[in-house]
Asker: 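Quick one: this structure, given as C-alpha cells, is what I'll be asking you about.
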Amino acid sequence: MAITIKFFASLREQVGKSEVQIELSDSLTVGEVWAQVCDNSPLPIHILMAVNKEYSKQDTRVQDGDEVAFFPPVTGG
Amino acid sequence: MAITIKFFASLREQVGKSEVQIELSDSLTVGEVWAQVCDNSPLPIHILMAVNKEYSKQDTRVQDGDEVAFFPPVTGG
Amino acid sequence: MKVEIISKIFNPWEELQAYEKTLIAQGKYGAVATFVGTMRDYNEGDIVQAMFLEHYPGMTEKYLQTLSETALQRWDILDTLIIHRIGEIKPGETIVLVAAWAGHRAPAFESCRFLIDELKSRAPFWKQETLSEGVRWLDQCH
Amino acid sequence: MKVEIISKIFNPWEELQAYEKTLIAQGKYGAVATFVGTMRDYNEGDIVQAMFLEHYPGMTEKYLQTLSETALQRWDILDTLIIHRIGEIKPGETIVLVAAWAGHRAPAFESCRFLIDELKSRAPFWKQETLSEGVRWLDQCH
C-alpha cells in the first residue's frame, strides 16, 4: 500500500523534507509511520497529526492511498 | 430657586409636556419634584431620573439652576 | 476615542475604515472587535415599517464619553469608537456601531461587549416603532 | 457562509461591506459581531519587520468550513464569514477577518468569539517572523 506523508512549517525544516511517498506491506498507525520515515526518532511532544486532512491520533491506522501529515502547534489568526 | 424639568419618550407623552420650569422656595428631592409637577401622582416603578444629565436617585436633592429629567427605561443600541 | 450621535444614514464599514486611518497606532494594534446593530423589519412577532429614535441631547453624549473612558481604563485597549443613529430609521439601516482596538483579542472582545451592553442598558435612547396599526414605544414606565 | 484563504493584501471593511450586500437577509439580521486580526510590528519584546504565513492547502479550508457549520448549528445566527491571509505579510496588514450575523447580539458575539478562538487554536496556519537577526517560527514541536 502507498501513502503520502507531509510536513509543515518548523517541523518541515527540522525533518528536512516537505513530502515523502512510501510503500508499506503492513497497515501502520500514524505513530509508526512517523518512526519509519524519521529514523525511529520519538514523536515530538507537541506535534499534531492529520490523516486525509482531518486531525488524527498517533494510534489512528492508515489505509492505502492515505495522506498523513505532521505539523507543529498552529499559530494563525 | 429655579429648576428645569424634562420628560422624554413615552413618559413625555403620558405627562403631556416635554419641559417645565418651576420656582421653589425650599430645596426638594427629585422624587418631590416629580410629585409637585405631576399632581402628586406616584413615581412610576421603572422610571429613570437624572440631575444635570447624570443618573440620580429619587432622594437626590436638587439645587438652584439644576436640570432634572424623568424618562422610561432606555431602548437604544 | 470618538463618540458620535448622527441623525442621517451611515455606513458602519466606511466609518471604521475612515476612523482607523486616523489612528496613529498603525502596527501597534493587533485586534479589533466590532459590533454593528441594524434595524430588523420584525420585532416581537410584528412587522416593523420604521422606527424613531429619540435621545437626551447632552446626557447621551456625556454618558457615552464616560463609558468609553471607563473601557479604556478597565481594559488594555488602545482606542474605542461609538456611533449611534437618532431620528427616523428604516429596516436594514445601521442603528449603532461600537469598536475597540487592542494589542490582543481578549480585551478587544470584552471591552466591545461591555460598551454595547452598557449602551443598551443605560444610554438614554428610546425607540418608537411604526407598525401597520400605529406607533408603539418599546418601553414604558409601569 | 464564506471561507476564503487569500494570498494578497485585503481590506476587512470593504470585504464586510461587499459580503453584506450579497446577504438575502437584509432587514432580517439585527446584529453583526466582527473580529479583525492585524499584524503588529512587535511581538514578545522584539521588533518584527515582516511575517510569512504558511498553511496546509485543503485541510485549512476544510477545517474552517466545518468550524463555520458548527457555529451555524450551535448558535441562532444567520451567516458567517472568515477570510485569512497567507504568504508574506507586513506590519499593519490584516491577517484575519471573522464575522457573524444574527438576530440578536449575544449569539453574534459568542459565535464570533468561538470562530476566532477555534481558528487560532486548531486551524493549520503557521507564522514565521522576520526579525533583524533572522527568522523564527512562532511555535515548534519540542
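In what follows, every chain begins at residue 1, and chains take the letters A, B, ... in the order their sequences are listed.
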Asker: Can you spot which of K127(D), K120(D), Q128(D) makes a side-chain contact (heavy atoms from CB on, under 4.5 Å) with T75(A)?
Answerer: K127(D)

Asker: Would you say I47(D) has more than 12 foreign heavy atoms packed within less than 6.0 Å of its CD1?
Answerer: no

Asker: Rounded to the nearest 0.5 Å, how far does NE2 of H46(A) lie from CG of D139(D)?
Answerer: 9.0 Å

Asker: Is W126(D) reaching over with its side chain to a backbone N or O of F8(A), donor-acceptor style, under 3.5 angstrom?
Answerer: no

Asker: Is Q14(A) close to chain D through its backbone or its side chain, or both, or neither, when contacts mean heavy atoms under 4.5 Å?
Answerer: side chain

Asker: Just do the side chain to side chain contact (heavy atoms under 4.5 Å, CB included) check on M59(D) and F71(A) with the steps written out, would you?
Answerer: CA-CA 12 Å; M59(D) 179 167 173; F71(A) 46 81; 4.0 Å; yes

Asker: Examine whether an atom of R122(D) lies under 4.5 Å from a heavy atom of chain A, and if so say whether it belongs to the side chain, the backbone or both; otherwise answer neither.
Answerer: both

Asker: Which region of F52(D), side chain (C-beta onward) or backbone (N, CA, C, O), has a non-hydrogen atom less than 4.5 Å from a non-hydrogen atom of chain A, or is it both or neither?
Answerer: neither

Asker: Would you say Y56(D)'s side chain and K6(A)'s backbone share a donor-acceptor pair under 3.5 angstrom?
Answerer: no

Asker: Heavy-atom cut-off 4.5 Å, strictly under: side chain, backbone, both or neither for S121(D) against chain A?
Answerer: backbone

Asker: What do you reckon, is CG of D76(D) surrounded by more than 12 foreign heavy atoms closer than 6.0 Å?
Answerer: no

Asker: Could you give the distance from NZ (K62(D)) to CG (N52(A)), rounded to the nearest 0.5 Å?
Answerer: 7.0 Å

Asker: Select one option (side chain, backbone, both, neither) describing which atoms of F70(A) are under 4.5 Å from chain D's heavy atoms.
Answerer: neither

